[in-house]
Amino acid sequence: MKIYHNPRCSKSRNGLKFLEDKGCQFEIVKYLEEGISEKELTEIIALTGKKPFDLVRTHEQDYKDLYKGKVLSDEEWIKILAKNPKLLHRPIVVNGDKAVLGNPPENIDEIL
């Protein structure tokens, strides 16, 4: 199991604590520091069953300044998220062939 985590984000910290409280074994991926590839994003998004735009943080200033109102393809959003990982909703938890947004943390129960 992996959690794509931003330690500075309270929602991400809540997701991490949820996994710890459940006694789960998991790997922490600090995607803002380590980066995230387009290939990895494509795989994660497919596991969630969502569209790339569903994982975009639309309240971020960069989104508002650069992308709001633009009609972009799924592939374009994946490229944007790979280049600007702070626009990615967090945390994302991957367990085998399933993934969920861990906000609220109770969503994680769906893949445990």
Residue that, paired with Tyr4, satisfies side-chain hydrogen bond (donor to acceptor under 3.5 Å, both in side chains) out of Arg90, Lys30, Glu40 | Glu40

State, to 0.1 Å, how close Ala82 and Ser37 come at their nearest heavy-atom pair, and which atoms those are.
-> CB-C, 4.3 Å

Taking every heavy atom of Ile45 against every heavy atom of Lys50, the minimum-distance pair comes out as CG2-O, 3.3 Å

Give a yes or no on whether a salt bridge exists between Glu43 and Lys39, defined as a side-chain N under 4.0 angstrom from a carboxylate O.
-> yes

Nearest 0.5 Å please: distance from the NZ atom of Lys22 over to the CE atom of Met1.
-> 10.5 Å

Common cluster, Leu19/Val29, ILVMFWY with side-chain heavy-atom separation under 4.5 Å | no

Flag the pair Leu16 / Ile3 as yes when at least one side-chain heavy-atom distance between them is below 4.5 Å, and no otherwise.
-> yes

Note: Lys70 and Leu66 closest approach over all heavy atoms is NZ-O, 3.0 Å

Hey, does Glu60 have a side-chain heavy atom less than 4.5 Å from the side chain of Asn84?
-> no

Take Lys51 and Asp74, measure what side-chain contact (heavy atoms from CB on, under 4.5 Å) needs, and give me the verdict at the end.
-> CA-CA 7 Å; Lys51 298 292 236 168; Asp74 289 351; 2.9 Å; yes

Taking the side chain as every heavy atom from C-beta outward, state whether Ile36 and Ile44 have any atom pair closer than 4.5 Å.
-> yes

Hydrophobic cluster membership, Leu32 vs Val93, 4.5 Å side-chain cutoff | no

Can you find a pair of side-chain heavy atoms, one from Leu88 and one from Leu41, that are under 4.5 Å apart?
-> yes

Could you pull out the closest heavy-atom pair between Leu112 and Cys24, with the gap in Å?
-> CD2-SG, 3.8 Å

Taking the side chain as every heavy atom from C-beta outward, state whether Tyr67 and Val56 have any pair of such atoms under 4.5 Å apart.
-> no

Nearest-0.5 Å distance that lies between atom CG in Asn6 and atom CD1 in Ile28 | 12.0 Å

Determine the minimum heavy-atom distance between Val100 and Ile111, stating which atoms define it.
-> CG1-CG2, 3.6 Å

When rounded to the nearest 0.5 Å, the distance separating CG of Leu72 from CZ of Phe53 is 9.0 Å

Given side chains that start at C-beta, do those of Phe26 and Asn95 come closer than 4.5 Å, heavy atoms only?
-> no

With side chains defined as the heavy atoms from C-beta onward, is the minimum distance between His89 and Asn103 less than 4.5 Å?
-> no

Nearest-0.5 Å distance that lies between atom CD in Glu38 and atom NZ in Lys83 | 7.0 Å

Nearest-0.5 Å distance that lies between atom NZ in Lys68 and atom CD in Gln61 = 9.5 Å

d(Lys98 NZ, Thr48 OG1) to nearest 0.5 Å is 13.0 Å

Distance-minimising heavy-atom pair for Gly15 and Ile108 = O-CD1, 3.8 Å

Are Val94 and Phe18 in one and the same hydrophobic cluster, where Ile, Leu, Val, Met, Phe, Trp and Tyr link if side-chain heavy atoms are under 4.5 Å apart?
-> no

